[in-house]
Amino acid sequence: MRPLRLYNSFTRTIEDFQPLEAPHVRMYACGPTVYNFAHIGNFRAYIFTDLLQRVLRNFNYKVRFVMQRTDVDDKTIKGAQAEGIPLREFTARYAKAFLEDMAQLNIEPQDDMPNATDHIPQMTGLISQLVEKGNAYPSDDGSVYFRVSSFGPYGCLCGLDFDGLKAGARVSHDEYEKESFGDFVLWKKWVAADGDVAWDSPWGKGRPGWHIECSAMSMHYLGKEIDIHCGGVDLKFPHHENEIAQSEAATGKKFARYWLHNEHLLVDGRKMSKRDGTFFTVRDVLAKGYEGRVLRYALLANVQYRQNLNFTWQVMDAAKATVQRIDEWRKRFAGNPLADKPADEAGRGFIETFYNTLAEDLDMPGAIGHLHNYITETNKLMDSGHFPEGIGAVWTKINAILGLKEPELSIPNEVQDLLDQRGAARKAKDFKLSDELRKAIETHGFKVKDTAKGQELLRS
RNA sequence: GGCGGGGUAGCCAAGUGGUAAGGCAGGGCUCUGCAAAAGCCCCAUCCAGCGGUUCGAAUCCGCUCCUCGCCUCCA
């Protein structure tokens, strides 16, 4: 296999991937804020990190992957208060829903998924270091801010002209204590609106700012210098820029060697947004009758991760049809003892090509194109009575990346009855009745197909 | 305005110097009692536009147009 190459947002070029201590890879991704059901745009980011970790593992890297969970911020506090329940109870509900949705999409679990609120000491420790070094300062009433002017490279990730921003400084009322417009909060003093959500700190009662949690948890679980940090493009500024500043100011080390950002999922050509109400959840898509694995395929295989993906039902229908094609192909070799023999030359060649394509910045659509060529070729072979030895082994190697689960098919009793009746009708060559029963089955949301082996039921 | 992604067939999308992968939709055929949601075949003289470099460009350079995102809530 070719060496893995990845687009590093920091250098804006595709680079050979070289971890600090090969074969070990330490990887961190910014995770969800658990105040609501995550939308499928959010999940595009997690599908991306899933692809990345699957590729890394199949390139024989030993990956340690941490994704944090933001379980304290304005939105979570507000949500818990609106329902009159403790913050922890509120966030636990959406943390659970998130894991359920991740499972629907067959996203492999991270090695750790820590809660921000379980790492307050790590955060206050980091903030203390920054204050001692002069990179941060407490305000009179107990908030702590990062002093952007103390970190020379600030803006290095995004190439922002920070002086330009300062020139147009808008200083809102609740930020009047900052020395400078660009300074960002590390520790927020407690205010009455926070209710009982507060932790003690050297600067008094309060709660952490958003950015500090990622730095603190990344360092706590993975060390001061990690290989890969990922997230959506919208996090580049300010979130990742601030992470770099506070982390590197504290440790003097390179915080992350590779910054990988996934592009957005669009709806009607616009960014999916919770604030604007233009979003679908995984549950919405499932309720429309699409399987989780079809959504996974649409988010994973359709478009390379650095391209916008315009979500439409047409895209979902295309994904569904494509997944069915793969299913039908798999049925042709499933259970054949020759399938699990070592792959033949064509199979090995295809695996090589598939992984080489992925090696170039995770070109999943390109790799899928090769899969379809392989499917067509092996279908032809099987049509002509030649069985491609090891085809099952090839699929196993490919599906380690694709992660397509078996189709889910729970057959209701009434449908099974109709199917049995139809089987009897066909045996009796009563095709009129047989066709009527097929129509009856279709009203239950299933399609029935006749094969050499007998009837087969599919979701419609 | 600054920075960053893009503009390839009806739709989605690879390809980044050697003469347009693949999927969906559509058309034809095969299998089938019928049927296909199955299998096979067909389906871009052309890559936003205009110049330039080159034996050769969708691919490199320049300019223009269009589009999405970020510029302190954001995946």
Side-chain angles (χ1 to χ4, degrees), chain A residues 7 9 12 29-33 38-49 73-75 148 155 157-162 164-165 168 170 172 175 181-185 210-211 230-239 241-242 261-266 269-276 297-298 301-304 306-310 312 314-329 331-332 357 360 363-376 379-380 382-384 426 429-432 434-435 438 442 447-452 456 458-460:
Chain A
Y7 181 87
S9 303
R12 295 173 200 174
C30 296
T33 302
H39 61 59
I40 58 176
N42 299 129
F43 280 106
R44 186 181 186 200
Y46 310 128
I47 287 275
F48 157 61
T49 55
D73 80 324
D74 291 348
K75 293 179 291 251
V148 165
L157 175 65
C158 305
L160 283 180
D161 175 6
F162 205 68
L165 286 178
R170 317 178 301 249
S172 69
E175 290 171 340
F181 165 65
D183 292 354
F184 56 91
V185 70
W210 173 38
H211 313 294
C230 7
V233 279
D234 52 344
L235 294 183
K236 277 164 85 174
F237 191 85
H239 187 54
E241 200 70 71
N242 291 352
H261 293 99
N262 63 280
E263 258 299 341
H264 287 303
L265 184 68
L266 309 177
R270 295 267 158 196
K271 189 172 122 174
M272 208 173 260
S273 156
K274 283 190 185 173
R275 191 172 61 178
D276 300 334
Y297 185 89
N302 223 31
V303 182
Q304 200 253 2
R306 276 195 301 121
Q307 310 297 337
N308 285 131
L309 195 178
N310 196 14
T312 61
Q314 193 177 13
V315 162
M316 285 300 294
D317 288 335
K320 183 177 163 182
T322 306
V323 167
Q324 269 178 17
R325 168 171 148 88
I326 296 171
D327 286 344
E328 293 297 332
W329 170 70
K331 281 179 203 160
R332 300 185 70 174
T357 305
E360 190 65 15
D363 179 7
M364 200 61 196
I368 288 288
H370 293 299
L371 171 61
H372 283 292
N373 287 334
Y374 179 70
I375 289 174
T376 300
N379 268 331
K380 271 192 239 182
M382 288 187 278
D383 282 351
S384 64
R426 291 191 73 233
K429 302 224 183 277
D430 185 349
F431 297 118
K432 189 165 177 285
S434 161
D435 288 348
R438 168 158 38 208
E442 283 170 8
K447 297 261 182 184
V448 59
K449 177 177 147 187
D450 298 318
T451 71
E456 192 181 316
L458 300 168
R459 284 166 64 119
S460 59

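Only this structure's heavy atoms are used, side chains among them; waters, hydrogens and symmetry mates stay out.
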A:Arg44 and A:Asn262 side chains, donor-acceptor separation under 3.5 Å: no
Touch class at under 4.0 angstrom, heavy-atom based, for A:Glu360 against every strand present: nothing
Gap in Å between the two C1' atoms, one belonging to B:G18 and one to B:C47, rounded: 16 Å
Watson-Crick or G-U wobble partner of B:C40, both distances under 3.5 Å: B:G28
Distance test, side-chain N/O of A:Arg270 to OP1/OP2 of B:G69, below 4.0 Å: yes
Protein-nucleotide distance (A:Lys271, atom NZ; B:G6, atom P), rounded to Å: 18 Å
All N/O pairs under 3.5 Å across the protein-nucleotides 31-34 of chain B interface:
from: B:G33; atom 1: O6; to: A:Arg422; atom 2: NH2; distance (Å): 3.4
from: B:G33; atom 1: O6; to: A:Ser434; atom 2: OG; distance (Å): 3.3
from: B:G33; atom 1: N1; to: A:Asp435; atom 2: OD1; distance (Å): 3.1
from: B:G33; atom 1: N2; to: A:Asp435; atom 2: OD2; distance (Å): 2.8
from: B:C34; atom 1: O2; to: A:Arg438; atom 2: NH2; distance (Å): 2.8
from: B:C34; atom 1: N3; to: A:Arg438; atom 2: NH2; distance (Å): 2.8
from: B:C34; atom 1: N4; to: A:Asp450; atom 2: OD2; distance (Å): 2.5

Nearest-0.5 Å distance that lies between atom CG in A:Leu265 and atom CG in A:Asn310: 8.0 Å
Atom-pair distance (CG on A:Asp234; P on B:G69), nearest Å: 11 Å
Complementary nucleotide of B:G17, counting Watson-Crick and G-U pairs under 3.5 Å: none
Sugar-phosphate, base or nothing in reach of A:Met382, heavy atoms under 4.0 Å: nothing
Pairing partner (Watson-Crick or G-U wobble, both distances under 3.5 angstrom) of B:C50: B:G62
Distance, C1' atom - from B:A44 to B:A13, rounded to whole angstrom: 14 Å
Pair A:Gln304-A:Asp363, side-chain donor/acceptor within less than 3.5 Å: no
Criterion side-chain contact (heavy atoms from CB on, under 4.5 Å) on A:Phe237 and A:Leu157, from CA distance to verdict: CA-CA 8 Å; A:Phe237 191 85; A:Leu157 175 65; over 6 Å; no
For atom CG of A:Leu157 and atom P of B:C71, their distance in whole Å: 13 Å
Phosphate-side-chain proximity, A:Tyr7 and B:G5, N/O vs OP1/OP2 below 4.0 Å: yes
Residue whose nearest RNA chain B nucleotide is more 5′ - A:Gly231 or A:Asn373: A:Asn373
Nearest-Å distance for atom pair NZ/P, residues A:Lys320 and B:A36: 17 Å
Sugar-phosphate only, base, or nothing, as touched by A:His372 at under 4.0 Å among non-hydrogen atoms: sugar-phosphate
Heavy-atom closest contact (A:Cys230 atom, A:Phe48 atom, distance): CB-CE2, 3.8 Å
Atom pair distance, as rounded to whole Å: CG in A:Leu458 and P in B:A35: 18 Å
Atom pair OG (A:Ser9) and CG (A:Leu235), whose distance is rounded to the nearest 0.5 Å: 11.0 Å
Sugar-phosphate, base or nothing in reach of A:His370, heavy atoms under 4.0 Å: nothing
Touch class at under 4.0 angstrom, heavy-atom based, for A:Val448 against every strand present: base
Protein-nucleotides 8-14 of chain B N/O pairs closer than 3.5 Å?
from: B:C11; atom 1: O2'; to: A:Gln314; atom 2: OE1; distance (Å): 3.2
from: B:C12; atom 1: O2'; to: A:Asn302; atom 2: ND2; distance (Å): 2.8
from: B:A14; atom 1: OP1; to: A:Gln304; atom 2: N; distance (Å): 3.3
from: B:A14; atom 1: O3'; to: A:Asp363; atom 2: OD2; distance (Å): 2.9
from: B:A14; atom 1: O2'; to: A:Asp363; atom 2: OD2; distance (Å): 3.4

Separation of the C1' atoms in B:G15 and B:C55, to the nearest angstrom: 23 Å
Counter-base of B:G56, judged by Watson-Crick or G-U geometry with both distances under 3.5 Å: none
Earlier contact from the 5' end, RNA chain B, for A:Glu263 and A:His211: A:Glu263
Inter-nucleotide P distance (B:A9, B:A48), Å rounded: 8 Å
Spacing of A:Leu266 atom CG relative to B:A75 atom P, expressed in whole Å: 15 Å
side-chain contact (heavy atoms from CB on, under 4.5 Å) partner of A:Leu266, chosen from A:His264, A:Glu263, A:Arg270: A:His264
Separation of B:C70 P from A:Asn262 CG (nearest whole Å): 13 Å
Residue list, side chain to side chain contact (heavy atoms under 4.5 Å, CB included) with A:Lys331, at least two apart or on another chain: A:Glu328, A:Glu456, A:Leu458
Sugar-phosphate only, base, or nothing, as touched by A:Gly41 at under 4.0 Å among non-hydrogen atoms: base
Any strand: nucleotide that pairs with B:U45 via Watson-Crick or wobble, under 3.5 Å: none
Interatomic distance, A:Lys236 NZ vs B:G69 C1' [rounded to whole Å]: 10 Å
Geometric class of the A:His239/A:His211 ring pair [parallel <30°, tilted 30-60°, perpendicular >60°]: tilted
Euclidean distance for P, B:C31 against B:A25 (whole angstrom): 23 Å
Salt bridge (Lys or Arg N to Asp or Glu O under 4.0 Å) partners for A:Asp74, two or more places apart: A:Lys188, A:Arg207
Side chains of residues 314-323 of chain A: which donor-acceptor pairs under 3.5 Å do they make with residues two or more places apart or in other chains?
from: A:Asp317; atom 1: OD1; to: A:Tyr290; atom 2: OH; distance (Å): 2.7
from: A:Lys320; atom 1: NZ; to: A:Ser460; atom 2: O; distance (Å): 3.3
from: A:Thr322; atom 1: OG1; to: A:Ala318; atom 2: O; distance (Å): 2.8

B:A75 to B:C68 separation - C1' atoms, rounded to the nearest Å: 15 Å
Gap in Å between the two P atoms, one belonging to B:G39 and one to B:G22, rounded: 15 Å
Nearest-angstrom distance, P atom, B:U67 to B:C29: 45 Å
Enumerate all atom pairs, one protein N or O and one N or O from nucleotides 38-40 of chain B, separated by less than 3.5 Å.
from: B:G39; atom 1: O2'; to: A:Asp383; atom 2: OD1; distance (Å): 3.3
from: B:G39; atom 1: O2'; to: A:Asp383; atom 2: OD2; distance (Å): 2.0
from: B:C40; atom 1: OP1; to: A:Thr376; atom 2: O; distance (Å): 3.3

